[in-house]
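What you see is a predicted model, and the numbers here were worked out from it, not measured in a lab. Note on naming: letters A, B, ... go to the chains in the order of the sequence lines (proteins, then strands), and numbering restarts at 1 for each one.
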Number of protein chains: 2
Amino acid sequence: MPAPLTEERNRLDRAALLDAAERLFYERGVQAVGMDEVRAVSALPLKRIYRFFPGKEDLVVAVLRRRDQRWRESLAAFVELVPDPRERVLAVFDWLADWFAEPGFRGCAWINAHGELGSSSEAVLAEVRSHKRAFREQLAEWVGATGAPVAEQVFLLVEGAIVTAGISGDPEPARHARAAAAALLGMP
Amino acid sequence: MPAPLTEERNRLDRAALLDAAERLFYERGVQAVGMDEVRAVSALPLKRIYRFFPGKEDLVVAVLRRRDQRWRESLAAFVELVPDPRERVLAVFDWLADWFAEPGFRGCAWINAHGELGSSSEAVLAEVRSHKRAFREQLAEWVGATGAPVAEQVFLLVEGAIVTAGISGDPEPARHARAAAAALLGMP
DNA sequence: ACGCGTTGAGAACGTGCGTTCTCCAATGAT
DNA sequence: ATCATTGGAGAACGCACGTTCTCAACGCGT
């Protein structure tokens with residue numbers, strides 16, 4: 001019964017591949033990273049990489065999709081510890097502040113991918129829009145629970161904060177966006 | 001005295017080159033456009049292009065710099081027609097709404113360039129930061145004139161609206177951001 | 001122990017990039 | 001008219017990419 005062993009190894013290697021690709025793509029951009037570098041960092045034969053994903057575009061999409069899961073789950077796990085609806089919305093910005101302060105933070109992976117590939121890869125564009133839609137709905141539920149009809153506005157603050165922190169390299173936008181969200185929620 | 005004629009032709013050709021490059025880079029991304037395509041669209045010999053700009057990176061920076069001038073001047077000309085300070089700030093979002101609705105709108109050229117080249121080109125990164133700083137200061141003056149200390153928050157709303165409109169292809173974020181700005185300015 | 005199908009490691013391939021070089025026509029001074 | 005110099009048009013170069021191919025080593029059923 002080597003079959004289960006093979007499957008287990010597949011799972012691990014696939015994860016290692018996505019780890020390597022995600023790190024490289026996020027740090028340096030998709031087009032600036034060659035498949036050979038992905039191979040070197042993942043320590044997987046090129047042949048096996050192309051068995052997992054038939055082309056680079058598929059790898060990019062898979063990276064974004066897995067990151068979407070992790071990113072939104074991590075955010076949800078953090079903010080849902082906060083019981084009060086309005087404080088819960090503000091906790092989103094506390095989570096952002098922690099994220100912005102992480103070493104190697106370089107803005108939103110989906111926005112970056114959109115700028116780089118949004119016009120040339122239909123699949124990447126769809127994945128970016130899917131992530132943004134999912135996050136927007138997630139956020140809209142939390143904001144909706146406060147009773148204030150400002151979900152879209154809070155979403156724009158989050159997006160602005162991520163982009164600005166990514167470009168400036170400064171986590172400060174999280175605090176300003178938090179203050180703005182508090183005002184919109186009627187918390188003086 | 002062919003010198004003045006030559007200079008005039010240089011000015012025109014340089015403008016045609018920047019026009020071609022700006023259109024191509026914005027529509028399809030910088031890395032997706034080859035210098036040969038810039039040559040074809042600008043109808044200039046490659047040799048002359050490389051006389052104007054020693055490398056593609058210099059061309060990219062020049063495109064961003066000229067666009068920054070045009071973009072901020074156009075915005076200022078629009079909003080400074082409005083005398084009332086608070087209405088003037090809201091006019092920024094009306095200008096954004098018009099921009100978002102233009103055919104071929106594909107988000108913020110500087111944010112896109114940052115996602116694509118921010119980690120590999122120091123010169124592009126500096127140009128992007130310079131544009132964002134200049135715009136932020138411009139906006140801070142207009143917001144400052146209202147007396148409300150919310151310049152940074154309004155800036156984040158603008159950035160969020162641009163990014164979101166660029167990804168979704170929908171100009172609606174301008175209206176939501178406008179409503180949020182009005183609330184922050186204390187306009188019920 | 002022994003074939004035999006599968007895998008790993010990396011060379012090879014075709015393509016397209018940014019950049020430079022070649023060559024010839026046009027121009028302007030003598 | 002001639003000749004030196006410039007500038008245009010595009011071929012050529014070197015390189016790096018995504019992808020595919022080669023071939024030796026290995027594992028497993030018999």
- request: Let me know the distance between CZ of A/Arg28 and C1' of D/dA16, rounded to the nearest Å.
  value: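 Going from A/Arg28 (CZ) to D/dA16 (C1'), I get 13 Å.
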
task: Calculate the interatomic distance between B/Ile49 atom CD1 and D/dG10 atom P; express it in whole Å.
output: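 Result: 13 Å.
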
- prompt: Is it true that A/Arg88 and A/Asp94 make a salt bridge, defined as a side-chain N closer than 4.0 Å to a carboxylate O?
  reply: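 A salt bridge is absent here (no side-chain N lies under 4.0 Å from a carboxylate O).
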
message: Could you check whether A/Thr164 and B/Glu159, counting side-chain N and O atoms only, form a donor-acceptor pair closer than 3.5 Å?
response: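 Their side chains do not contain a donor-acceptor pair, so the 3.5 Å distance test is not met.
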
message: If we count only N and O atoms by modelled type, under 3.5 Å, do the side chains of A/Trp110 and A/Glu127 hold a donor and an acceptor together?
response: no

- prompt: Cluster question for you: counting only ILVMFWY and a side-chain heavy-atom cut-off of under 4.5 Å, with indirect links fine, are A/Leu139 and A/Val82 together?
  reply: no

- request: Can you check each nucleotide of nucleotides 6-21 of chain C against protein heavy atoms at under 4.0 Å and return B for base, S for sugar-phosphate only, - for none, in 5' to 3' order?
  value: -BBB--------SBB-

query: Where do B/Ala181 and B/Phe93 come nearest, in terms of heavy atoms and distance?
result: CB-CE1, 3.5 Å

